[in-house]
Structure formats: C-alpha cells, structure tokens
Amino acid sequence: MSVHFEERSGVVPCKTPWGSWYQTMEEVFIEVNVPHGTTAKEVKCHLGSRDIELLVKGKEIFKLDALFALLIISSEDKCLIRIILMKTNREAGNCWSSLLEGEYCANAWVQDQMQRKLTLERFQRENPGFDFSGAEISGNFAGGGPDFSSLQK
C-alpha cells in the first residue's frame, strides 16, 4: 500500500551532506550519492543488530547507532546506494525527526511536511476507496492526525 501511495504523492526528502532520507509509515529510505561508476567492491557496509556503518572507497559516509529497524540495501546505476530501514513501530504517529538522535535532523518545515504525509498515508490505508495522494491537510496532523475511532460508522 505505501509504495503505491508514495508513487502517486511523491516523497518529502530531508537533505544531508551525503544524500537524503525520507519515510513512509513502514519504512525509512536512506539514499547515498556516490561517485558515478562506484562498484560493489568499493562499498563496505557494516550491519549490526542496532547500527549501520557505510564506507565508500575507504571513506566513512555515516555511522548510525541505536536503530529500531530492520535493513535492506540496494545499489542503483552505480551512483546511488539506497538503504531501506523497516520501522518496528509502523503507525502514522511514528514520524522520525532524524535518522539518529541529534544527527541528520529534518528542519521544521520538512518535519511538518513528513508528518502531513504520514497522516495522509494513514487516511489512505483506512479509506482504500479514496485517493489521498494529492490531498492537502491542515489542523491536527502531528502525531498521526486526529483519532476517528470513537465515531460511529
């Protein structure tokens, strides 16, 4: 479901010195720009149960500790590395403000847009017959948006 919503509505990237990251309700995507033609042999990625360290051509790109996610890695066109973290808490209210506490933080505008996006994704899941991909939202969207569970259907 997230993939289709994401394709229709676009992503809200948080720019970093090495690329960008963005999120859906279920996943966090890390995209690392590398020099064109970079081969797999030039990429070293240490994967621990709670951390990731990425080196390209011997240079540390980043080291992330205390992750609360599972990990998938892919390389595209030999100029981009995409790391996909599966969130353990997959609710709209779980909007990451940064990849690591205090590092690679989304600025206030990007964080606001990410929260709006996750709220719309939640609405899409709850109402599959509607298309929220181009919708705008205002009001109470932080923390996953309003709770309509007490309303009668």
Side-chain angles (χ1 to χ4, degrees), residues 1-34 40 43-56 59-76 80-151 153:
M1 176 64 75
S2 297
V3 173
H4 301 295
F5 182 77
E6 179 185 314
E7 287 173 356
R8 290 192 315 268
S9 63
V11 299
V12 179
C14 178
K15 300 291 182 190
T16 66
W18 37 258
S20 64
W21 66 274
Y22 60 94
Q23 62 187 310
T24 67
M25 284 177 56
E26 295 182 349
E27 301 164 323
V28 174
F29 296 81
I30 303 170
E31 295 186 342
V32 181
N33 299 316
V34 296
V43 176
K44 303 282 186 236
C45 189
H46 165 76
L47 307 175
S49 61
R50 308 290 256 165
D51 66 310
I52 303 172
E53 182 178 21
L54 181 67
L55 293 97
V56 177
K59 179 182 174 194
E60 183 178 278
I61 304 300
F62 60 74
K63 184 173 184 177
L64 304 176
D65 295 312
L67 293 174
F68 297 98
L70 302 173
L71 177 76
I72 300 169
I73 288 188
S74 67
S75 178
E76 299 176 6
L80 177 73
I81 296 171
R82 178 174 286 139
I83 300 172
I84 305 170
L85 305 175
M86 302 294 292
K87 291 181 176 179
T88 55
N89 177 353
R90 297 177 182 161
E91 298 179 7
N94 182 28
C95 184
W96 291 19
S97 60
S98 63
L99 283 177
L100 185 61
E101 190 171 338
E103 290 187 59
Y104 311 118
C105 299
N107 65 37
W109 185 87
V110 170
Q111 180 67 25
D112 179 71
Q113 295 303 307
M114 286 179 169
Q115 288 179 340
R116 289 172 189 252
K117 177 91 173 196
L118 294 185
T119 300
L120 289 171
E121 185 178 346
R122 183 193 120 207
F123 290 165
Q124 181 69 58
R125 287 170 180 251
E126 293 173 353
N127 303 280
F130 293 94
D131 181 3
F132 290 92
S133 62
E136 293 290 325
I137 188 170
S138 62
N140 179 19
F141 55 84
D147 180 9
F148 298 119
S149 63
S150 63
L151 300 176
K153 292 187 177 187

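Both backbone and side-chain heavy atoms feed into the values below; hydrogens, waters and symmetry mates do not.
How far OG1 of T24 is from CE of M86: 8.0 Å, rounded to the nearest 0.5 Å. Here the CD-CD1 distance, from E31 to I81, works out to 11.5 Å after rounding to the nearest 0.5 Å. For the atom pair CD of E103 and OG1 of T16, the computed distance is 11.5 Å after rounding to the nearest 0.5 Å. A distance of 7.5 Å separates CD of E136 from CZ of R116, quoted to the nearest 0.5 Å. Annotation: the span from T119 atom OG1 to Q124 atom CD amounts to 13.5 Å, rounded to 0.5 Å. Here the straight-line distance linking atom CZ of R125 with atom CZ of F132 works out to 13.5 Å at 0.5 Å rounding.
Applying side-chain contact (heavy atoms from CB on, under 4.5 Å) to V43 and the options V34, V32, L54, L55 leaves one that passes, L54. If you run ring-ring contact (aromatic ring centres under 6.0 Å, His included) between F29 and each of Y22, W21, W96, only Y22 comes through.
Enclosure of atom CD in E60 by more than 12 non-hydrogen atoms of other residues, nucleotides or ligands within 6.0 angstrom is indicated.
Not one N or O on the side chain of N89 forms a donor-acceptor pair closer than 3.5 Å with the backbone of N94.
Between C95 and M114, the shortest heavy-atom distance links the atoms SG-CB, 3.7 Å. Annotation for V110 and A106: closest pair CG1-CB, 3.8 Å, computed over non-hydrogen atoms. When all heavy atoms of C105 and C14 are compared, the closest pair comes out as O-SG, 3.5 Å. M25 and L118 get closest at one heavy-atom pair: N-CD2, 3.4 Å.
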Under the side chain to side chain contact (heavy atoms under 4.5 Å, CB included) criterion, do E26 and K87 qualify, and how do the steps go?
CA-CA 5 Å; E26 295 182 349; K87 291 181 176 179; 5.8 Å; no
List the steps, then state whether side chain to side chain contact (heavy atoms under 4.5 Å, CB included) holds for L99 with I30.
CA-CA 9 Å; L99 283 177; I30 303 170; 4.1 Å; yes
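Within the 4.5 Å cutoff, side-chain heavy atoms of L80 are placed close to those of N33. You'll find the side chain of W18 stays beyond 4.5 Å of the side chain of V56, heavy atoms only.
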